[in-house]
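Shown next, in structure tokens, is the structure this report addresses.
What you see below is based on every heavy atom in this structure, not just the backbone, and it leaves out hydrogens, waters and symmetry mates. In each ligand, atom 1 is the first atom listed, and ligand 1 is the first ligand listed.
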Amino acid sequence: MSNIEKWIERAESIVGSGNVLTAFEDIEFFSHDEYAMEEFACMPAAAVRPGSEEETAAIVRLCAEMKIPLTARGGGTGLSAGCVPAARGVVLSLNRLNGVVDADPDNHTITVQAGMALHDLYQHVKEMNLFFPPHPGDEGAFIGGAVAANAGGARAVKYGTVKRYVIGLQVVLADGRIANLGGKFIKSSSGYNLLDLMIGSEGTLGIITGVTISLLPPPGVSKTLVVPFADVAEAISVVPKILKADIMPCAVEFLEHSVIRCAERLLDRSWPARDGAASLMLILDGRNEDEVLGQAEDLAAIVEAGGALDMLLAEDDSRQADILELRSMLYEALRPGTVELFDICVPRSEIAGHIGFIHELEVRYGISLPTYGHAADGNVHTHSLRCRLDDGIIGGDLPGWQEMHEQVRQDLFADAVARGGVISGEHGIGLAKRDYLKAMSPAANLDLMIAVKKALDPDNILNPGKVVLV
Ligand SMILES: Cc1cc2nc3c(=O)[nH]c(=O)nc-3n(C[C@H](O)[C@H](O)[C@H](O)COP(=O)(O)OP(=O)(O)OC[C@H]3O[C@@H](n4cnc5c(N)ncnc54)[C@H](O)[C@@H]3O)c2cc1C
């Protein structure tokens, strides 16, 4: 009997035979995530689905004892090949751990198991008449995955990323012990901040089984506005002026009209602005209609002075929904031609320069690099395509697109770092960006990351090969 066959037998005795999957058709799904390139796809030897924290801990203990690599998987919506096994180990799916542990409206907290999908979490929080602001684009993501990636989304400018709301975590450590970090309290100066160490650790330091989230009162009213400009540089130059004027939109997205055509074709709906080459899409929220309309008036004066060609307010819910859907379907619309979606984050003041650089690359290599993103937090999404994009239509493959993609990736990351930014603002490093993290991090930072990994996972059992190589 091989080592893995012995592991399967023992894992079945922990979780039941129906929860250890080995057939090709059952485990193929676990060989990839939403990352577009297939180069990182890797079949696991098996997938295991524990039904409790204790079963999860027992599986981790088994892996530690038998030296079997283990990769945690949430919703599999990641964009950096993070939940894909790098070596042919096993995948631990959290999908059976999806319940509410404790809903506490008095403390404004909810504690859930890590395998709860975000769409279910939003529903539970809504029933408490409270608000969990972070909204990474795909609600099929699990809360454990969102914590492990420190996910962001469009609302980060006003409300921050996932880490702002995580106040407690239950984590299975590499030796199978269960650690409870944080709790329902807001403040702690009690020892090292292990809670924050786990957030964004991409399954390499521990398996998150439970999450306690601090919630806010819901905003009450939100309005979506579209503001067209002659070009993207002009659109982006207005953003600091908006923020300086003490208007804090919930979201400020920039989009080039040549890119939005793709989503218009997919959905057969039209973007409200026809003039100009780029738009800002802003979401304003507040306690009531008067407060939000007051913000919109202040905003109108600023964008007009900044060269806006118009300011369009979505009057009703259905128009608002159309605009948001066009924005959120950009990824899907471009997906067929996408090799990789980048999530570079630069200081706000550097966005226009970084986008100018992207346009230079388009000319230099004769390619299309459709770009959009979160203008007020510096997070820029560029699609590296294998083909040209003309008026929203994805063309055939360009000769030599693979080499071109490598070159573009290298150029974009170097530009981001030179501008004081990072190579990933919200999707994580995974396998896809690991070698670039190594090349672009100061030696001291990298040494610290490796030291932490070695201290917490000395046998390199947890998601080996991701983030840093040890
Ligand atoms: C259409 C689309 C839009 C997106 N938009 C955004 C966006 O706006 N903002 C954003 O931040 N992201 C976005 N993403 C990326 C993705 O949705 C997020 O990274 C999400 O948080 C990943 O969650 P998941 O449960 O799918 O994690 P997975 O993909 O399953 O895993 C991600 C990483 O977390 C680890 N992991 C998963 N669960 C656990 C656990 N319980 N314990 C320890 N480690 C674990 C995995 O090993 C892996 O390293 C988007 C993705 C898509 C497809």
query: Looking only at distance, does T77 have an N or O less than 3.5 Å from an N or O of ligand 1?
result: yes

field: Heteroatom proximity flag, I208 to ligand 1, N/O under 3.5 Å
entry: yes

query: Heavy atoms of the protein only: does one fall short of 4.0 Å from atom 51 (C) of ligand 1?
result: yes

- prompt: Got a protein heavy atom sitting under 4.0 Å from atom 33 (C) of ligand 1?
  reply: no

With backbone taken as N, CA, C and O and side chain as the heavy atoms from C-beta onward, which portion of [X] lies under 4.0 Å from ligand 1: side chain, backbone, both, or neither?
{"X": "L94", "result": "side chain"}
{"X": "E34", "result": "side chain"}
{"X": "T204", "result": "neither"}
{"X": "Y331", "result": "side chain"}

- prompt: Can you tell me if Q170 and Q113 form a side-chain donor-acceptor pair at under 3.5 Å?
  reply: no

query: Have H381 and E253 got a donor and an acceptor in their side chains that come within less than 3.5 Å?
result: no

- prompt: Which of these, A146, A72, G137, has its nearest heavy atom closest to atom 3 (C) of ligand 1?
  reply: G137

- line: Nearest heavy atom to atom 2 (C) of ligand 1, choosing from I207, L205, D138, belongs to D138

message: Any salt bridge linking D33 with R73? Criterion: basic side-chain nitrogen under 4.0 Å from a carboxylate oxygen.
response: no

- line: By ring-ring contact (aromatic ring centres under 6.0 Å, His included), Y331 pairs with (sequence neighbours left out) none

Angle between ring planes, [X] versus [Y], binned at 30° and 60°: parallel, tilted or perpendicular?
{"X": "F40", "Y": "Y35", "result": "tilted"}
{"X": "F342", "Y": "H405", "result": "parallel"}
{"X": "Y122", "Y": "H135", "result": "tilted"}

